[in-house]
Amino acid sequence: MKLEDKKRVLREMVLARRFEERCYQAYIERKIGGFLHLYPGQEACCQGVLEAARPGHDYVITGYRDHVHAIKCGADPKAVMAELYGKETGSSKGRGGSMHIFDVKNHFMGGYALVGGPFPLAAGIAKAIQLKGGDEISICFLGDAANNQGTFHETLNMAAVYKLPVLFVCENNQYGIGTAIDRSTAVVDQFKRVCGYEIQASQCDGQDFDVVYEHAKKAVAYVRNGNGPYFLELMTYRYRGHSMSDSRGYRTREEEELWKQRDPIFILRDRLIDAGAMTLDEFHALEKDTDHYIENEVIKFAEESPEPNVADLEKYVLA
Amino acid sequence: MAEIMYWEALQRAHDEEMARDPLVICMGEDIGVAGGTYKATKGLFEKYGPLRVMDTPISENSYTGLGIGASFLGVRPIIEIMSVNFAWLAMDQMFNSAAKVRYMSGGQLTAPVVFRSPGGSAHQLGAQHSARMEKVFMGIAGLRVVTPSNPKQAYGLLKSAVRSDDPVFINEHELMYNMKGEVPEGEYFHPLEGSEITRPGTDITLFGYNISVHWCLKAAEILASQYNISAEVVDLYALSPLDRAGIKKSVSKTHRAVIAEEDEAPCGVGSEVMAIINEECFFDLDAAPVRVHSALVPQPYNHKLELAAIPDHEDVVNAVLKLFGKA
Ligand SMILES: Cc1ncc(C[n+]2csc(CCOP(=O)(O)OP(=O)(O)O)c2C)c(N)n1
Ligand SMILES: [Mg+2]
């Protein structure tokens with residue numbers, strides 16, 4: 001990957017981080033309601049995998065922690081923020097909310113709130129690709145704890161039997177809400193659980209963009225070349241609580257600090273600085289520009305957009 | 001009597017039953033080390049340990065089945081399902097195993113298991129986290145369904161459910177865990193069947209359950225003070241079986257009925273109560289009964305749309321006024 005491209009990736013990761021931090025603030029200000037699951041700490045996962053794929057062309061589906069994946073697929077951050085504000089201009093017209101970002105035009109097939117729900121949907125999308133003969137692949141991003149849902153095992157089996165073009169990406173942040181993975185899951189390394197289904201699987205560091213990118217390139221090529229499903233496990237960490245009402249009493253501040261020392265944005269930034277592609281000042285300017293964009297375009301758009309019309313309550317229920 | 005919160009009432013019932021009987025256990029997601037999403041199991045992990053306070057994986061159908069299997073041998077699991085929206089995933093085991101095993105084994109086996117789960121719309125949680133599903137549970141033979149409207153019922157119904165030899169589904173509400181109310185200091189067992197007249201009246205019966213009891217009470221207050229209408233409020237804390245005799249008794253007295261539910265109308269509590277009125281006391285009616293219910297839509301995220309979708313006490317007042325030809 002060219003250094004210029006890596007600089008773009010860094011920019012996107014900074015946008016992802018600041019976007020989410022701004023959501024946090026907007027939630028405190030009660031501009032955003034419902035459940036809000038934020039992504040800081042895990043940025044290299046989404047970036048690394050989708051840089052290796054073709055966002056906007058390949059189909060992507062995920063759970064409720066979905067803003068950043070949608071934006072990476074091509075959703076306008078303004079429409080995503082407007083959705084969180086419940087506005088008619090939102091990506092789901094204010095009907096979905098944070099957990100249900102959709103941008104079908106960009107092949108972002110949605111955020112779903114039921115843990116494990118997207119597994120079979122991803123396989124179904126892959127089935128449609130197979131039937132139609134396209135060169136897209138289906139990519140499913142879910143967490144570690146979701147793998148204890150029956151749909152995970154049932155879907156892996158079907159994906160292998162039907163040789164479906166689907167890439168399962170497990171963002172293993174080692175917690176399902178407040179339950180640490182080793183308290184809910186007998187086999188902590190998720191890629192090992194896949195062996196029984198004759199599915200290719202690997203695991204790598206999810207904090208280092210370059211590492212994720214290299215692994216994802218192989219995985220994507222494998223699936224795109226018609227070899228069937230692939231399972232990629234990325235070891236990562238979410239900095240914030242599971243959603244907003246989480247005081248993180250189930251883990252130590254030391255553990256959090258340890259992970260923050262391997263921050264995905266800093267890892268890539270320092271690598272670019274070491275390569276002479278960027279200065280620290282440039283990075284700070286990038287952060288400032290990003291904040292400026294979020295405040296003056298994204299938030300402004302969400303604030304100024306109209307709410308849905310109450311008379312339209314029953315619109316979109318049936319075709 | 002002491003005032004405690006709904007979640008504290010549940011926690012106390014868990015604790016007392018677990019202290020009494022070593023075969024009472026509790027299971028669910030995040031109920032142990034994390035203390036429970038709604039704190040209903042707070043402190044129990046520390047007190048009773050991991051063998052009896054089981055943090056489960058996100059495997060609703062299978063941990064529910066595991067609890068049901070354990071109940072075959074006399075264990076009494078209290079299974080918390082974090083939200084009724086997730087209970088959809090466990091319905092196979094609840095309905096096909098727990099509810100039917102007694103009948104299909106000719107009475108040899110029974111599943112004395114308690115399922116607790118909150119439903120309801122709770123501030124913009126969106127389409128997949130706002131379901132009300134009592135209508136689904138109450139249509140299943142072999143399953144008891146109760147739904148506490150206050151801390152006393154929450155405590156007393158859970159106590160009775162644990163002691164019951166039948167599977168019991170306790171339908172709670174996301175918004176009610178911090179509600180305060182009086183709970184007897186001593187042990188108290190609320191009956192799993194019947195209904196309760198929460199406010200006596202003579203002109204009309206307002207049927208509610210769980211959160212809608214509170215809309216009915218508020219509506220009755222307004223009807224009395226502003227419109228001189230005396231409304232009787234009946235709390236249908238037992239949804240299966242429904243209290244046919246109680247429904248009949250009240251409607252035979254007041255000759256009018258409104259049924260309020262947060263759920264959508266089709267195949268719901270309102271339809272069922274109307275059918276019972278029809279069957280039991282049709283000729284006592286002075287007017288056709290009316291249902292107050294939510295719009296038939298997946299719950300919208302936008303707050304205004306959400307409020308438009310869900311009824312409240314004002315809708316109850318309006319329904320009554322309309323029924324009396326005053327609106
Ligand atoms: C079927 C179902 N059960 C339970 C929940 C509640 N819940 C939401 S997220 C979550 C934890 C999921 O953890 P993981 O899959 O590791 O994803 P992460 O949030 O860590 O990204 C749980 C239990 C749910 N939404 N759906
Ligand atoms: Mg996780």
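Proteins come first, then strands; the chains are lettered A, B, ... in the order of their sequence lines, and each starts at number 1. What's counted below: heavy atoms across the whole structure, side chains too, no hydrogens, waters or symmetry copies.
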Max heavy-atom pairs within cutoff under 4.5 Å with chain B, candidates A:F152, A:Y85, A:F35, A:Y112, goes to A:F35

Output the distance between atom OG (B:S59) and atom NE2 (A:H153), rounded to the nearest 0.5 Å.
-> 7.5 Å

Taking the side chain as every heavy atom from C-beta outward, state whether B:H303 and A:E307 have any pair of such atoms under 4.5 Å apart.
-> no

Over 12 non-hydrogen atoms of neighbours within 6.0 angstrom of CZ in A:R30 | no

Check whether B:L307 gets within reach of chain A through its side chain, its backbone, both or neither, counting any heavy atom under 4.5 Å.
-> neither

B:E29 versus chain A, the contacting section by heavy-atom distance below 4.5 Å = neither

Side chain proximity check, B:N61 to A:Q149, heavy atoms < 4.5 angstrom | no

Looking only at heavy atoms, which two atoms of A:V317 and B:V297 are closest? And how far apart?
-> CG2-CG1, 3.5 Å

At what distance, to the nearest 0.5 angstrom, does OG of B:S294 lie from CG of A:L313?
-> 9.0 Å

Under a 4.5 Å heavy-atom cut-off, does chain B meet the side chain of A:Y64, its backbone, both or neither?
-> neither

Any donor-acceptor N/O pair, A:N148 side chain to B:I58 backbone, under 3.5 Å | no

When rounded to the nearest 0.5 Å, the distance separating OG of A:S98 from CD of B:Q124 is 11.0 Å

Chain B contacts, top residue of A:L318, A:V115, A:L114 (heavy-atom pairs, under 4.5 Å) | A:L114

Let me know if A:N309 has heavy atoms under 4.5 Å from chain B in its side chain, its backbone, both or neither.
-> backbone

Specify the closest pair of heavy atoms between B:A34 and A:G178, including all atoms of both residues, with the distance to one decimal.
-> CB-O, 4.4 Å

Any chance you could measure B:H129, atom NE2, to A:M99, atom CE, to the nearest 0.5 Å?
-> 4.5 Å

Once you round to the nearest 0.5 Å, how far does CD of A:E88 lie from CG of B:N302?
-> 8.5 Å

Give the minimum heavy-atom separation between A:E314 and B:A295, together with the two atoms involved.
-> OE2-CB, 4.1 Å

Give, as side chain, backbone, both or neither, the part of B:M54 having an atom under 4.5 angstrom from any heavy atom of chain A.
-> neither

Spell out, as yes or no, whether a donor-acceptor pair under 3.5 Å connects the side chain of B:Y301 to the backbone of A:L84.
-> yes

Using non-hydrogen atoms only, which part of A:I32 is less than 4.5 Å away from chain B: side chain, backbone, both, or neither?
-> both

For A:T179, the option from B:D30, B:T56, B:I31 that meets side chain to side chain contact (heavy atoms under 4.5 Å, CB included) = B:D30

Choice from A:G94, A:G90, A:G249 maximising heavy atom contacts with chain B below 4.5 Å | A:G94

